Amino acid sequence: MDIKRVKDYFYWLYFQYLLITCSYVLEPWEQSMFHTITVTVFAMVLYTAYVFIPIHVRLAFEFFSQMFGGQPESTV
Amino acid sequence: IHHIVQNGGLYKKPFNEAFEETPMLVAVLTYVGYGVLTLFGYLRDFLRQWKIEKCQNATEREEQKDFVPLYQDFENFYNRNLYMRIRDSWNRPICSVPGAKVDVIERVSHDYNWTFTYTGRVIKDVINMGSYNYLGFAQNNGACQEAAAEVLSQYGAGVCSTRQEMGNLDKHEELEKLVARFLGVESAMTYGMGFATNSMNIPALVGKGCLILSDELNHASLVLGARLSGATIRIFKHNNMQSLEKLLKDAIVHGQPRTRRPWKKILILVEGIYSMEGSIVRLPEVIALKKKYKSYLYLDEAHSIGALGPTGRGVVEYFGLNPEDVDVLMGTFTKSFGAAGGYIGGKKELIDYLRTHSHSAVYATSLSPPVVQQIITSMKCIMGEDGTTLGKACVQQLAENTRYFRRRLKEMGFIIYGNEDSPVVPLMLYMPAKIGAFGREMLKRNIGVVVVGFPATPIIESRARFCLSAAHTKEILDTALKEISEVGDLLQLKYSRHRLVPLLDRPFDETTYEETED
């Protein structure tokens, strides 16, 4: 019963995505093209975030701690 | 919610009109949706031009391709690429009388709405929330139908002539006297078509050298009549009396554009109920302005006659004003009386002038006799002259239905435009995909609604328009409300950010707005 509710909820979310981006009114081949482009763009955004965000966060943390602390970290 | 304060004694009861603002996120997402559709529209047009896909709309033949183009393809861009995709929500054929419930013929399309085929099935007893059947006179049984059938057997169906030649029946004279008595004016004249009443009579009343001040959201018939007349047209903001007063002052002070002569006539064109917004005109203020600046008023009561006012005499009675203050009272018989045609009422000199100078009177065929009898019977029923209280009960039932329906929809959290007392209820949808989805989902649940998009409304403000009727009982309305709430949850339509605390049937006064939670 719970699995059915979860599946219904995900289907409802998919339906909302179709309505907001107006792919509900497109023909099936247009919908496939639109979904491919959206998924590709979204995957590229995720990959960029995965590659760049940890490094930038670490560099920003080091910059601010140098500014406020003023002591170089020991390498031991 | 824009709270309107009572205006110093001109209004005898509170005037509650609200047009909630579009939420910012919804507006942005609507534009995103239209952007996606535009891109796909360009793609499909490109495929159609390069013959990769078959072009199914009208084009010239091969031999005519070198001539001046006959079809302007870009202007129909919206038509081809959005309207066609959701076209199955409009032009649905019905096969029974459009009362509280109607039978709809089922159609299916195999090539994405370019062509339709009938499946052979009829969807029975669809709750009808789209017909302008305000007092429930669209019936195929009862006193109106019997009287009309008798007149049909006596006079036949066709008149075969215009009013000025041989088409002036005694039934028409009887109807005109009755209409004048109903409205409280000296004299009235009736025409065969409501649209033609406006578009053919405004040119007879004003001409070059006159000024027309028309509301922003006036109906196409008023706009057409104003343009045909050749007078100068100035537009004031919808129901905005400051804008109207500024235009009147400028007109009186500056006169005609180049010669600075005074205008021959100034005519203000307003409607009783605006059917796309559900708003009611601020008639007391318009009449006060008209008297102050000595101009004339043309009031189009197409939707408000029969639907407003304690005895159904329209917007003039709703505000408790004198019908002699309005110079030209126009209305139609299509909506509340269940017939066809239009009328104009006013002073006797005006109507006698129109009898000879109106284009409709000279060239258009007069009303058909059974239709005239339907109007006579229904009007007598509303006035109470047929001996029953059916008319008064219908008017009261409509007012109750209106208040109940609007209150319940607002409590559910939908954005509803317009005045609290207008039987036309626009429910905002905003996103283009939801227009088609709403129409289809409601028909699946056996409710027929009218959805409206661009160009009848501004591009992001698409809506579903419900027309209430005295023929709807409370059970029908409850069923409809339950389904609307379900579809609203499914499509996420409950945008309203002002949650009104549900009232316990208190009279609607200003203090109830203090209970609003933001």
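Computed over heavy atoms, backbone and side chain alike; hydrogens, waters and symmetry mates excluded. Remember, predicted model here, so these are calculated numbers, not experimental data.
The nearest pair of heavy atoms linking Pro432(B) to Cys22(A) is CG-SG, 3.3 Å. Smallest separation of non-hydrogen atoms from Glu27(A) and Arg85(B): N-NH1, 4.0 Å. Asp489(B) and Trp12(A) get closest at one heavy-atom pair: O-NE1, 3.5 Å.
The 12-atom threshold is exceeded at NZ of Lys65(B), counting heavy atoms of other residues, nucleotides or ligands nearer than 6.0 Å. Taking a 6.0 Å sphere around CZ of Phe77(B), one finds it holds more than 12 heavy atoms contributed by other residues, nucleotides or ligands. For CH2 of Trp29(A), the number of neighbouring non-hydrogen atoms (other residues, nucleotides, ligands) closer than 6.0 Å is greater than 12. More than 12 heavy atoms of other residues, nucleotides or ligands lie within 6.0 Å of CG in Leu46(A), so this atom counts as buried by the packing criterion.
Between Gln492(B) and Ile20(A), every side-chain heavy-atom pair lies at or beyond the 4.5 Å cut-off. Between Lys434(B) and Tyr24(A) the shortest side-chain heavy-atom distance does not fall below 4.5 Å. Residues Leu37(B) and Leu26(A) form a side-chain contact, since some pair of their non-hydrogen atoms from C-beta on lies under 4.5 Å apart.
With rounding to the nearest 0.5 angstrom, the CD atom of Glu30(A) is 11.5 Å from the CG atom of Leu39(B).
Remark: the backbone N or O of Leu490(B) is paired with a side-chain donor or acceptor of Gln16(A) at under 3.5 angstrom.
The part of Ile86(B) that comes within reach of chain A is its side chain, from C-beta onward, which places non-hydrogen atoms under 4.5 angstrom from that chain. Interface residue Phe34(A): backbone and side-chain heavy atoms are both found under 4.5 Å from chain B. Proximity to chain A (any heavy atom under 4.5 Å) is shown, for Asp111(B), by neither the backbone nor the side chain.
In terms of heavy-atom pairs under 4.5 Å with chain A, the best-connected choice from Gly35(B), Ala433(B), Gly33(B) is Ala433(B).
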